[in-house]
Amino acid sequence: MIRFEHVSKRYDGGQDALTDLSFELPEGDFAFLTGHSGAGKSTLLKLVMLMERPTRGQVIVNHQNLTQMRSGQIPYLRRHIGVVFQNHQLLFDRTVYDNVALPLIISGFQPRDVGRRVRAALDKVGLLDKEKKNPIALSGGEQQRVGIARAVVNKPPLLLADEPTGNLDPELSEEIMGLFQQFNDVGVTVLIASHDIALITRLQRRVFGLAKGRLVHDGVLRRQAHMA
Ligand SMILES: Nc1ncnc2c1ncn2[C@@H]1O[C@H](COP(=O)(O)OP(=O)(O)OP(=O)(O)O)[C@@H](O)[C@H]1O
């Protein structure tokens, strides 16, 4: 689903954010991306979404080589990628329903299909009864679940998340991870950037570790390693 081949990224006037990065995340996999602040996690996710372009190397997403993709094709690529952010970027002057509906309206869905899909997405994250509320009236965990519903409402085959549990306590973080696992169980490929080593170690999934823009770990983190 995602393949990086010798990818480097240098921002204008900056140092290398990523250096000679190669890895593959097959369709249907679930993996974490971890590393210190500034290691390059967000940059990697931005390259997958084509919010940034690599300085060198190839990025292949969903069978498409992004290096050759023209700007006009980017909205089509993004339609197949759901993204969840730490601060969930919800619109606080709209209802929960409107927030989740937004990607469908942008994609030109018919109103009848919008309603059906929005409710299906809210149902999956357990918020069907909150559709008329303003997100400001919801707890942090519920707001994050609205962000997840919005990310999956288009039924994307790939779900990316950048620190999705950054503001949540351990119990809510587990709940949110449980939701990502449910989407993975039905075939969605999931890649989550997170600092939360304790949570990542508990979940025993594949972990890509970045340090100073280089891949320094690829595999499940052993519990003993975390305890040491
Ligand atoms: N738009 C930008 N312009 C210049 N440099 C940038 C830009 N975005 C990121 N960087 C630099 O690239 C490096 C990697 O940043 P990135 O945000 O990808 O790291 P990160 O692992 O996501 O960090 P954090 O955990 O703090 O979010 C850092 O040195 C950062 O300062």
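First listed ligand is number 1; within each ligand, the first listed atom is number 1. Nothing here was measured: the structure is a model prediction, and the numbers come from that model.
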What is the distance from atom CG of Leu21 to atom CG of Asp16, rounded to the nearest 0.5 Å? 11.5 Å
Answer yes if Leu191 and Met51 sit in the same cluster of Ile, Leu, Val, Met, Phe, Trp and Tyr residues linked by side chain heavy atoms under 4.5 Å apart, and no otherwise. yes
Using distance alone, determine whether Lys41 and ligand 1 share an N or O pair under 3.5 Å. yes
Hey, is ligand 1 close enough to Ser37 that some N/O pair sits below 3.5 Å? yes
Is it true that Glu163 and His195 share a donor-acceptor pair across their side chains at a distance under 3.5 Å? yes
Answer side chain, backbone, both or neither: which part of His195 comes under 4.0 Å from ligand 1, heavy atoms only. side chain
Minimum side-chain heavy-atom gap Asn62-Pro157 below 4.5 Å: yes
Considering non-hydrogen atoms of the protein only, which is the closest contact for atom 19 (O) of ligand 1, and what is the distance? Gly40 N, 3.2 Å
List the steps, then state whether ring-ring contact (aromatic ring centres under 6.0 Å, His included) holds for Phe32 with Phe208. CA-CA 6 Å; Phe32 288 104; Phe208 297 111; over 10 Å; no
Taking distance alone, with N or O pairs closer than 3.5 Å, would you say Ala17 contacts ligand 1? no
Could you identify the single nearest non-hydrogen protein atom to atom 18 (O) of ligand 1 and state the distance to 0.1 Å? Thr43 OG1, 2.5 Å
Ignoring hydrogens and geometry beyond distance, is a side-chain donor-acceptor pair present between Tyr11 and Thr43 at under 3.5 Å? yes
Do Asp162 and Ser42 meet the criterion of a side-chain donor-acceptor pair at a distance under 3.5 Å? yes
Shortest protein heavy-atom distance from atom 2 (C) of ligand 1, along with the residue and atom involved: Tyr11 CD2, 3.5 Å
Check each of Ser42, Gly38, Gly35 against atom 29 (O) of ligand 1 and report the one with the nearest heavy atom. Gly38
Answer yes if a protein heavy atom lies under 4.0 Å from atom 31 (O) of ligand 1, otherwise answer no. no
